[in-house]
Structure formats: structure tokens, C-alpha cells
Amino acid sequence: MLQPAAEPAAPPALPPPAVPPAVPPAGFTLRCTKLLLSPWSRLSLLVVVLASAATTMLVLEPQRLIGAGWPPQVSGGAAVVLFGVAYGLCTAAFVPRPLLNLAAGALFGSQAGLASAVAGTVLGAGIAFGLGRVLGQDALRPLLRGRALLAADGQLSRHGFRTMLAIRLFPGVPFAAANYCAAVSRMGWLPFLLATGLGSIPNTAAYVVAGSSASSPTSPAFLISMACIALPALGGAVVAWRKRHRLRGR
């Protein structure tokens, strides 16, 4: 007797296709992070930081060190190092360097005062350069327009060391303005700091020696230092006056 043929087995059920996980939309945190890291947000932060630092310096009045003297609790090499750090922070907050240079000479003498002042100059310039490069460069570079600005940017970007060295030697260029202009350019860190350190020595030394010998205003050291301050300043004023009249004539 014939047996009925067995029905073929049903094929195994295939697993359902994998569904790719849904990509969550950008959240509020991500949008806030992008906004805070945008070039204009960083530039706004730079303005707030600089304004706060300048206000703090106006309240603290660090120039009082010239008359009040250094705190007696700190002396020796530690005082020289601490003054250099304070010098750098003050210059980054727009405190005039001549006042700090005079204070360095009056407090520590010519040699130690000069070392502390030059170190503070490089530190302050480095702080300003770093703030400008990180917080301001991306927002300000697209705004460079005009032949003069583009020429200055190209000079700093291509010949950074010698250009900054000449700027530091020339007494008429504001210290803070040079720092932030260099930060917006493509100038490197090392050429900027080396040119700042070398180029700031002559003018800084004149003020430091004047501060250290201010108690004897008729001494040769004081008179020579005052001449070294006055003559470059006069020469810078004459050069600026002549260039201004040439531009007017054009």
C-alpha cells in the first residue's frame, strides 16, 4: 500500500531586516557648544576679558609700587620673579610699561630690574598674543580690508621676526596694539617672542636705569638714561609727522 508523500518542510523564517538606529537630532547642548565656539563668540569673550582686566588694574593701581615699595614679606630672587609675573599680567591688562620699568629699577636696581622687566615684557606679550590668536584671529582675519591693512598683515606673516623687531625698537608703536596685530596675522609664536625680547631691551633698559638712579637726578646714569628715552621718542615723533604730511600731500 502506497504511503502518501511527505509534505516538504517549510523554509526557515528569515529574521526581520535590521533597522538602522535613528540618528538623534542635534541637541540643545551641541548647538550651544557650536555657538560658544564660533569666532564671534570668542571675540566677544576676548573683549570681556580685556575690559575686565583693564578695570581690575584701574582699581588695584599697580603703579603705587613706585612710591609704596615692594612688600617686605617677599625679598631676594623670589621678589624679582614675582615682579616679572606681575609685570606680564599688568602689561596684558594695558598698564603702561614705562611705569612698570621705572618701578623695576627703583625696586631692584639696574641689573635685576632689567631682567625682571624684560621677562615680564615677554610674558605679557605672550599672554596678549595667545588671547588674540585663540579668541580673535578667526573673527578678525576676514575683516582685513584695504591696502594698508593687507600690507601690514603680509609683512607680519612673511617677515615676522624682523618686522616685530623693528616695531619693538621703534618707540611710537603701542605695545598692546602690536601684540594683537601680530596675533591676527599668521606670524609664529617663536619669532614673535624672540623679537619682543630682543627689541624691548634698549627702551626697557633706559627706563630701568632712570628708575634706579632717580634718587640722584644729576648723576651721569640718570642723565644718559633720560637722553636715551627722549631722543628716540623725539625721532619717532618727527618720523610720524613727516609721514602724516606725505600722506596728506598724496
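Being a predicted model, the structure only gives us computed values, none of them experimental. The figures that follow rest on heavy atoms only: side chains count, while hydrogens, waters and symmetry mates do not.
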Atom pair [atom1] ([X]) and [atom2] ([Y]), whose distance is rounded to the nearest 0.5 Å:
X: N101; Y: S212; atom1: CG; atom2: OG; result: 11.5 Å
X: T204; Y: Y87; atom1: OG1; atom2: OH; result: 5.0 Å
X: I127; Y: L123; atom1: CD1; atom2: CG; result: 4.0 Å
X: M187; Y: R133; atom1: CE; atom2: CZ; result: 9.0 Å
X: L198; Y: L169; atom1: CG; atom2: CG; result: 9.0 Å
X: L156; Y: T163; atom1: CG; atom2: OG1; result: 5.5 Å

Item to check | Side-chain donor or acceptor of S116 paired with backbone N/O of G113 under 3.5 Å | outcome: no

Is [Y] reachable from [X] through a run of I, L, V, M, F, W or Y residues, each pair having side-chain heavy atoms under 4.5 Å apart?
X: V122; Y: F192; result: yes
X: L100; Y: F108; result: yes
X: V49; Y: V134; result: yes
X: V118; Y: I229; result: no
X: L193; Y: F129; result: yes

Does any non-hydrogen side-chain atom of [Y] lie less than 4.5 Å from one of [X]?
X: Y180; Y: L50; result: yes
X: T91; Y: T121; result: no
X: F161; Y: L194; result: yes

If every non-hydrogen atom of [X] is compared with every non-hydrogen atom of [Y], which pair is closest and at what distance?
X: I167; Y: V173; value: CG2-CG1, 3.5 Å
X: A214; Y: P217; value: O-CD, 3.7 Å
X: V208; Y: A104; value: CG2-CB, 4.5 Å
X: C228; Y: A206; value: CB-CB, 3.9 Å
X: M57; Y: A93; value: CG-CB, 3.3 Å
X: N179; Y: A125; value: OD1-CB, 3.6 Å

Checklist entry - Which pairs count as side chain to side chain donor-acceptor pair (under 3.5 Å) when at least one residue sits in residues 184-199, sequence neighbours excluded? => result R168-T196

Item to check | Selection residues 44-55 - residue pairs positive for side chain to side chain donor-acceptor pair (under 3.5 Å), sequence neighbours left out | outcome: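 Listed once each, the pairs would be none.
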
Checklist entry - Does any pair with a residue in residues 199-219 pass ring pair (Phe, Tyr, Trp, His ring centres under 6.0 Å), and if so which ones, sequence neighbours excluded? => result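 Not a single pair qualifies under ring pair (Phe, Tyr, Trp, His ring centres under 6.0 Å).
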
